[in-house]
Amino acid sequence: MDRHKVKRQRLDRICEGIRPPIVNGPMPARPLVALLDGRDCTVEMPILKDVATVAFCDAQSTQEIHEKVLNEAVGALMYHTITLSRQDLEKFKALRVIVRIGSGYDNVDIKSAAELGIAVCNIPSSSVEETADSALCHILNLYRRVTWLHQAMREGNRASSMEQIREVAGGAVRIRGETLGIIGLGRVGQAVALRAKPFGFNVIFYDPYLPDGVERSLGLQRIGTLQDLLMHSDCITLHCSLNEHNHHLINDFTIKQMRHGCFLVNTARGGLVDEKALAQALKEGRIRGTALDVHESEPFSFAQGPLKDAPNVICTPHTAWYSEQASIESREDAAKEIRRAITGHIPDTLRNCVNKEYLLLAAQWPSIDPAAVHPELNGAAAYRHYIIQCDDANDICRKKRCVPSAYWHRSPRHLAFSCRSLPCMLKTRGDGIVPCSILQEGCRETKAYHEMTSMP
Amino acid sequence: MDRHKVKRQRLDRICEGIRPPIVNGPMPARPLVALLDGRDCTVEMPILKDVATVAFCDAQSTQEIHEKVLNEAVGALMYHTITLSRQDLEKFKALRVIVRIGSGYDNVDIKSAAELGIAVCNIPSSSVEETADSALCHILNLYRRVTWLHQAMREGNRASSMEQIREVAGGAVRIRGETLGIIGLGRVGQAVALRAKPFGFNVIFYDPYLPDGVERSLGLQRIGTLQDLLMHSDCITLHCSLNEHNHHLINDFTIKQMRHGCFLVNTARGGLVDEKALAQALKEGRIRGTALDVHESEPFSFAQGPLKDAPNVICTPHTAWYSEQASIESREDAAKEIRRAITGHIPDTLRNCVNKEYLLLAAQWPSIDPAAVHPELNGAAAYRFPPGVVGVAAPGLPEPAVVEGIVAHGMPSVSHSAPRTPSPGETSKQDPDREIPADQ
């Protein structure tokens with residue numbers, strides 16, 4: 001392509017504010033990491049303080065975020081209470097990694113993030129059992145009516161004779177023989193299935209993404225279509241993540257496919273359920289009761305929204321995930337992920353990067369001649385790659401890694417590097433380092449990337 | 001013994017209102033069966049209508065029971081809302097069998113009933129799973145706080161930021177690694193243990209009546225003493241029946257043996273827990289939360305009683321057992337038991353007679369010559385002794401010493417000679433000093 005035309009395109013794009021996705025360019029000595037929608041960094045601080053500056057924004061939208069953070073933050077930590085659309089992501093000028101402290105990342109536009117060179121990670125493991133326990137608690141509360149009975153007693157209801165006891169507990173159903181339909185058999189769905197079995201539930205599930213065979217591992221029955229699952233379930237529980245395909249999965253049409261008088265439990269995402277349709281079904285009795293931890297509009301209030309007059313509703317304020325240990329674990333894991341991003345290689349050193357494929361695709365930016373990019377762009381001076389071999393003490397892992405020199409020089413004695421095959425510590429050895437000539441074995445970067453960033 | 005002295009004793013006792021326990025005397029053609037503390041007999045009627053007349057009393061004490069019923073009722077059906085002490089039982093003149101529609105029979109004095117010749121039965125199987133499911137629901141509500149969070153939301157609490165979410169949910173604890181201590185591993189206790197395991201609970205139990213080996217069947221850890229169980233549990237759930245030995249099992253002293261901040265769940269009987277001590281422990285935080293389906297004084301009300309100011313309490317009005325199927329099943333089974341009593345032999349044809357030993361013991365009444373009893377007593381025309389009693393009461397009056405000897409040895413020649421295992425609710429005669437190793 002004509003060099004001048006390329007240069008013009010490049011300058012045009014720079015003026016538009018689009019920077020080429022240089023994911024692993026050098027960082028400032030102590031990059032800025034910001035907690036976007038919270039105030040408490042006490043758990044993350046000890047893990048990050050020697051490699052980063054940690055700040056908090058306590059914002060509910062990007063408009064509330066300070067300009068300095070928007071300009072300088074290299075890493076971001078966030079919960080579910082802030083949304084990052086493409087426009088929000090474009091406000092950040094130096095951002096490279098976002099870590100969602102929790103498992104759902106539907107509030108971040110991960111594709112746009114990848115196009116902008118930002119890796120998005122989540123922490124999927126901390127709250128699996130808490131969420132499953134809470135889901136079972138919701139299911140049992142619908143079947144045994146403990147929450148409503150406690151509420152009735154708080155309101156002064158007294159049941160003295162057997163007839164009154166039967167009346168106040170009316171609607172409590174025997175569980176053995178009932179069918180529990182799980183939509184989405186991920187980590188939480190599997191935990192729920194195993195907990196539900198001893199109660200006598202016949203457990204079935206629908207999951208279009210799960211490979212064959214998992215139902216055999218756990219001894220469950222797999223259903224091929226959503227409609228079949230809805231038709232055969234007495235109690236339906238949602239455990240799928242929210243994406244662009246399943247918004248309002250439970251809507252007027254699908255509710256009509258359910259059995260009359262079934263239960264619905266949602267501890268996944270509010271966007272999966274159309275609350276207007278749900279309220280209507282509750283009023284008509286087509287759904288006998290519902291227990292929701294998540295709602296379309298949070299924070300939820302019984303005084304507003306479509307559910308305000310609906311009967312037989314149990315709600316909790318997005319707390320199914322919470323226990324003190326889960327909270328601390330997820331925050332520690334998130335801080336460690338940020339640390340890996342800062343000290344290592346994005347996205348290789350990240351454990352739970354959710355937009356990796358989009359990132360690697362975007363890194364092959366077709367219309368720019370990498371050599372035409374000015375070496376000073378993004379401070380790419382002294383930018384070198386080295387091949388380092390994993391110094392596994394057990395002599396098992398000999399995986400080679402291509403590591404930019406910027407990181408090498410920052411911590412000259414010991415380069416802690418999380419090898420993907422085993423949790424190894426890479427140690428520096430003077431004789432083990434060789435400069436990377438193009439495409440050494442094990443190096444994942446593309447040829448073009450190397451040509452772009454190598455120095456004579 | 002001198003015949004005249006016997007006759008005088010008999011007349012004295014008759015005047016006192018004590019009749020000899022003639023358990024299987026003839027009944028009227030259509031005996032009267034009464035539902036004591038309820039109004040609805042629709043389920044029982046189809047099963048009993050061809051062999052009995054069914055009536056209901058809807059009473060909360062025997063004072064409210066009509067005289068006709070007291071005089072004529074041969075069978076009684078009852079729930080947990082009426083109590084029958086010895087004096088109450090003596091008011092019934094013709095009663096032979098009481099069937100408790102449910103599993104707990106602590107509200108009936110079964111020993112006195114046996115002495116009066118009344119068999120007491122229960123229906124232990126209908127609500128086992130419902131009660132276990134409700135107990136698990138209570139346990140999960142304590143750990144995940146769903147009931148209190150729902151209550152907070154009903155009261156208008158809004159949690160918008162993460163800090164607010166953590167604050168409103170504060171106290172929610174991770175379950176894996178917690179120890180669940182089950183007191184009483186009967187039917188319901190075993191069902192609870194099996195349901196609790198997948199949640200990650202370490203399940204331990206204490207049961208002084210259970211034979212060795214059940215813990216091996218289910219893969220649970222058995223603890224030898226109550227104190228050890230209390231000291232090692234993070235959540236304690238009661239699943240034992242109430243008897244004369246375990247009233248106020250959970251009292252100030254035993255609460256102090258529990259871990260600080262543990263949970264307590266009771267779906268068994270209110271009398272097991274001293275509510276004053278419990279309220280005090282809740283206020284001081286020694287018990288972090290409690291979920292009760294049963295109370296010392298029922299019907300329970302949050303406005304009265306020792307628990308009215310206590311924090312962190314979840315209560316339900318004795319509904320853990322209830323589901324429509326369980327209710328119907330228990331009533332049908334109770335009606336069938338009454339039918340077996342009427343058409344068959346008490347206590348042999350009864351499936352769940354809980355005072356059988358006392359009945360059979362009482363039937364060997366030492367100081368009466370059965371032949372000396374007036375044949376018209378209790379309409380006892382054409383009166384035949386059941387084979388078991390005949391075996392013991394040989395023709396002619398045995399010497400008192402011999403009779404006592406026979407009584408002391410139990411039942412040497414009864415027809416049902418198979419060894420009986422005590423039913424879970426019964427106080428069996430196991431040696432209380434028997435060593436049960438704690439590290440099974």
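These numbers were taken from a predicted model, which means no experiment stands behind them. Note on naming: letters A, B, ... go to the chains in the order of the sequence lines (proteins, then strands), and numbering restarts at 1 for each one.
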Option that, when pairs with chain B are counted at under 4.5 Å, heavy atom only, ranks first among [options]:
{"options": "Gln151(A), Glu130(A), His138(A)", "result": "Glu130(A)"}
{"options": "Arg176(A), Glu298(A), His318(A), Glu324(A)", "result": "Arg176(A)"}
{"options": "Val146(A), Asp58(A), Leu136(A), Thr81(A)", "result": "Val146(A)"}
{"options": "His80(A), Gln60(A), Arg145(A), His150(A)", "result": "His150(A)"}
{"options": "Gln164(A), Lys197(A), Arg331(A)", "result": "Arg331(A)"}
{"options": "Leu194(A), Asp293(A), Val168(A), Ile314(A)", "result": "Ile314(A)"}

Between the CD atom in Glu275(A) and the CD atom in Glu296(A), the distance rounded to the nearest 0.5 Å is 4.5 Å
Rounding to 0.5 Å, atoms CG (Asn312(A)) and CG (Leu282(A)) come to a distance of 6.5 Å
Is there a side-chain contact between Pro317(A) and Met153(B) (heavy atoms, below 4.5 Å)?
-> yes
Non-hydrogen side-chain atoms of Thr316(B) and Arg144(A) separated by less than 4.5 Å | no
(message) Counting neighbours of CZ on Arg288(B) that are heavy atoms of other residues, nucleotides or ligands and sit closer than 6.0 Å, is the number greater than 12?
(response) no
Do other residues, nucleotides or ligands put more than 12 heavy atoms under 6.0 Å from the CD atom of Glu167(B)? no
Side chain / backbone / both / neither for [X] at chain A, heavy atoms under 4.5 Å:
{"X": "Ser327(B)", "value": "side chain"}
{"X": "Ala291(B)", "value": "neither"}
{"X": "Ala159(B)", "value": "both"}
{"X": "Phe300(B)", "value": "both"}

Q. Is Glu155(B) paired with Arg154(A) through a side-chain N to carboxylate O contact shorter than 4.0 Å?
A. no
Under 4.5 Å to a heavy atom of chain B? For Ala132(A) that would be neither
Okay, Ser134(A) and chain B: the region with an atom under 4.5 Å from a heavy atom over there is both
In terms of heavy-atom pairs under 4.5 Å with chain A, the winner among Trp148(B), Trp321(B), Tyr143(B) is Trp321(B)
Note: vs chain A, highest number of non-hydrogen pairs under 4.5 angstrom among Asp133(B), Thr319(B), Ile175(B) is Asp133(B)
| query | When you measure from the centre of the six-membered ring of Phe56(B), is the NZ or CZ of Arg39(B) under 6.0 Å away and within 45° of the axis? | reply | no
**Message:** Looking only at the side chains, is there a donor atom on one of Thr83(B) and Asn107(B) sitting less than 3.5 Å from an acceptor on the other?
**Reply:** no
